[in-house]
Amino acid sequence: MRWKPKDAVAVVTGASSGIGRCLCELLCQQGANVVAVARRAERIASLQESVGQGTIIPIVGDITEEVVRKRIVEAAADTRGGEVDLLVNNAGIGAIGPFADATPERLRRVMEVNFFAPAELTRELIPHLRRGRESVICNISSVLGHRAVADKSEYCASKFALHGWSDSLRAELALDGIQVTLISPSTTRSDFFDSLIETDSEQQSASVGSWPPERVAKKTLSAIRARRSEVILSFAGKALVYGDRIAPPLMNAILARRRP
Ligand SMILES: NC(=O)c1ccc[n+]([C@@H]2O[C@H](COP(=O)([O-])OP(=O)(O)OC[C@H]3O[C@@H](n4cnc5c(N)ncnc54)[C@H](OP(=O)(O)O)[C@@H]3O)[C@@H](O)[C@H]2O)c1
């Protein structure tokens, strides 16, 4: 059975910009009720103006705070008698620069936002997702959750953690009828690179092409509707991931040459 947005109850984190914002708009246009979460209140408020049939239920706050996650769960559960049909763990941050030069706080913060917060939010929503219709937990990872690169050690670690945890969770929740969909975008033209933490402004991110967030959101919603297990979105992303599986030393040599 396919996942259907009409009258669905969805939670989307990182709803104020980029992929998450586009996904909220698409879900609402297709009739879903979306609990939209992010810290920037004015951005979430403006989201309400740009949606169609569905509704936006705004939650302003930091997902690493337990009290904020509690508000998210309450808002979602109140929408349709405790049933929740979709959770998109999308909020994420990055950092660029050598691990040895960085602080312990950089590692902690990236892991808190990109891994621990989505894991705990998911734990809290599972009882509600069990009661939902064809429920899906969609984790927005990265191609860097399949193949790590230099100078993004904290980010790669967080996305590898999200990947491994998603695979375990998928196996655990299969009998409950909950699908876990792992989406791995490549470089996306969002606010992401303006929000890097503890990163020297000289640092650059090497990439082969980039996608607009609208395209990533559209492909993500298609994967959710089809209840896919895992999707690597771009051709360059597939080349990186499958090339690494087939010939890791060759990929190491290619990536070493591309280091800025
Ligand atoms: N951009 C890329 O090249 C790329 C590539 C592969 C994967 N991804 C992944 O795609 C996801 C979305 O990124 P994006 O490209 O759309 O970047 P973005 O435009 O920077 O969006 C990130 C979102 O996360 C929210 N967020 C960050 N920290 C938060 C926190 N502690 N609590 C609540 N919300 C928080 C931000 O909102 P506030 O600041 O308002 O809180 C924002 O809405 C991330 O998981 C990222 O790792 C991105």
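The chain is numbered in sequence order, starting from 1. Just follow the structure's listing: the first ligand is 1, and inside any ligand the first atom is 1.
Ring-centre distance between Phe160 and Tyr155: not below the 6.0 Å cut-off.
On a distance-only criterion, Ala38 and ligand 1 share no N/O pair closer than 3.5 Å. Not a single N or O atom of Pro185, backbone or side chain, sits closer than 3.5 Å to an N or O atom of ligand 1. Any N or O atom pair closer than 3.5 Å counts here, and Gly14 shares at least one such pair with ligand 1. Polar contact check, Phe193 against ligand 1: no nitrogen or oxygen pair lies under 3.5 Å apart. Here's the thing with Asp191: one of its N/O atoms is less than 3.5 angstrom from an N/O atom of ligand 1. Residue contacts with ligand 1: Arg39 is placed with a nitrogen or oxygen under 3.5 Å of a nitrogen or oxygen of the ligand (distance criterion only). Considering backbone and side-chain atoms alike, Thr64 places every N or O at 3.5 Å or more from each N or O of ligand 1.
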Exercise. With side chain to side chain contact (heavy atoms under 4.5 Å, CB included) as the test, would you mind laying out the steps for Arg69 and Val37 before giving the verdict?
Key: CA-CA 10 Å; Arg69 294 197 299 269; Val37 187; over 6 Å; no
Quiz item: After noting the C-alpha distance and the side-chain angles of Asn139 and Trp165, does the key distance pass the side chain to side chain contact (heavy atoms under 4.5 Å, CB included) rule?
Solution: CA-CA 10 Å; Asn139 294 327; Trp165 170 72; 3.4 Å; yes
Practice problem: Give the intermediate values and the outcome of side chain to side chain contact (heavy atoms under 4.5 Å, CB included) for residues Arg189 and Glu214. | Solution: CA-CA 10 Å; Arg189 297 192 289 278; Glu214 292 80 6; over 6 Å; no
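Between the side chains of Arg109 and Asn114, not a single donor N or O lies within less than 3.5 Å of an accepting N or O. Of the N and O atoms on the side chains of Ser186 and Ser234, at least one donor lies less than 3.5 Å from an acceptor on the other residue. No donor-acceptor contact under 3.5 angstrom links the side chains of Asn33 and Thr79, judged on distance only. In this model, a donor atom of one side chain and an acceptor atom of the other lie less than 3.5 Å apart for Glu198 and Thr103. Between the side chains of Arg40 and Ser17, at least one donor N or O sits under 3.5 Å from an acceptor N or O.
Checked by atom type and distance alone, the side chain of Thr199 pairs as donor or acceptor with a backbone atom of Ile96 at under 3.5 Å. At least one donor-acceptor pair under 3.5 Å links the side chain of Lys238 to the backbone N or O of Ile232. Between the side chain of Glu154 and the backbone N or O of Val110, no donor-acceptor pair lies under 3.5 Å.
Only backbone heavy atoms of Ser141 (N, CA, C or O) come within less than 4.0 Å of ligand 1; its side chain stays farther off. No part of Arg189 comes within 4.0 Å of ligand 1, judged by heavy-atom distances. Neither the backbone nor the side chain of Glu42 comes within contact range of ligand 1; no heavy atom lies under 4.0 Å.
Taking atom 8 (N) of ligand 1 as the reference point, the nearest protein heavy-atom neighbour is Tyr155 OH, 3.5 Å. For atom 32 (N) of ligand 1, the nearest non-hydrogen atom of the protein is Ile63 N, 3.0 Å. Closest protein heavy atom to atom 13 (O) of ligand 1: Phe192 CD1, 4.1 Å.
Against a heavy-atom cut-off of under 4.0 Å, Ala15 is close to the following atoms of ligand 1: 43 (O). Each of the atoms 1 (N), 14 (P), 15 (O), 16 (O), 17 (O), 18 (P), 19 (O) of ligand 1 lies under 4.0 Å from some heavy atom of Ser190. Taking a cut-off of under 4.0 Å to the non-hydrogen atoms of Arg109, the atoms of ligand 1 that pass are 31 (N). Close approach to Asp62 involves these atoms of ligand 1, each under 4.0 Å from a residue heavy atom: 30 (C), 31 (N), 32 (N).
Under a 4.0 Å heavy-atom criterion, Thr13 is not in contact with ligand 1. Using a non-hydrogen distance threshold of 4.0 Å, Lys159 registers as a contact of ligand 1. The shell of residues lying under 4.0 angstrom from ligand 1, judged by heavy atoms, includes Ser186.
When each of Leu26, Thr181, Leu23, Asn90 is tested with Thr220 by the rule side-chain contact (heavy atoms from CB on, under 4.5 Å), just one qualifies, namely Leu23.
Across Ile140, Leu23, Asn90, heavy-atom proximity to atom 44 (C) of ligand 1 is greatest for Asn90. With distances taken over non-hydrogen atoms, the option nearest atom 35 (C) of ligand 1 out of Gly61, Ala91, Ala217 is Ala91. Within the set Ser17, Gly18, Ala36, the minimum heavy-atom distance to atom 18 (P) of ligand 1 is found for Ser17.
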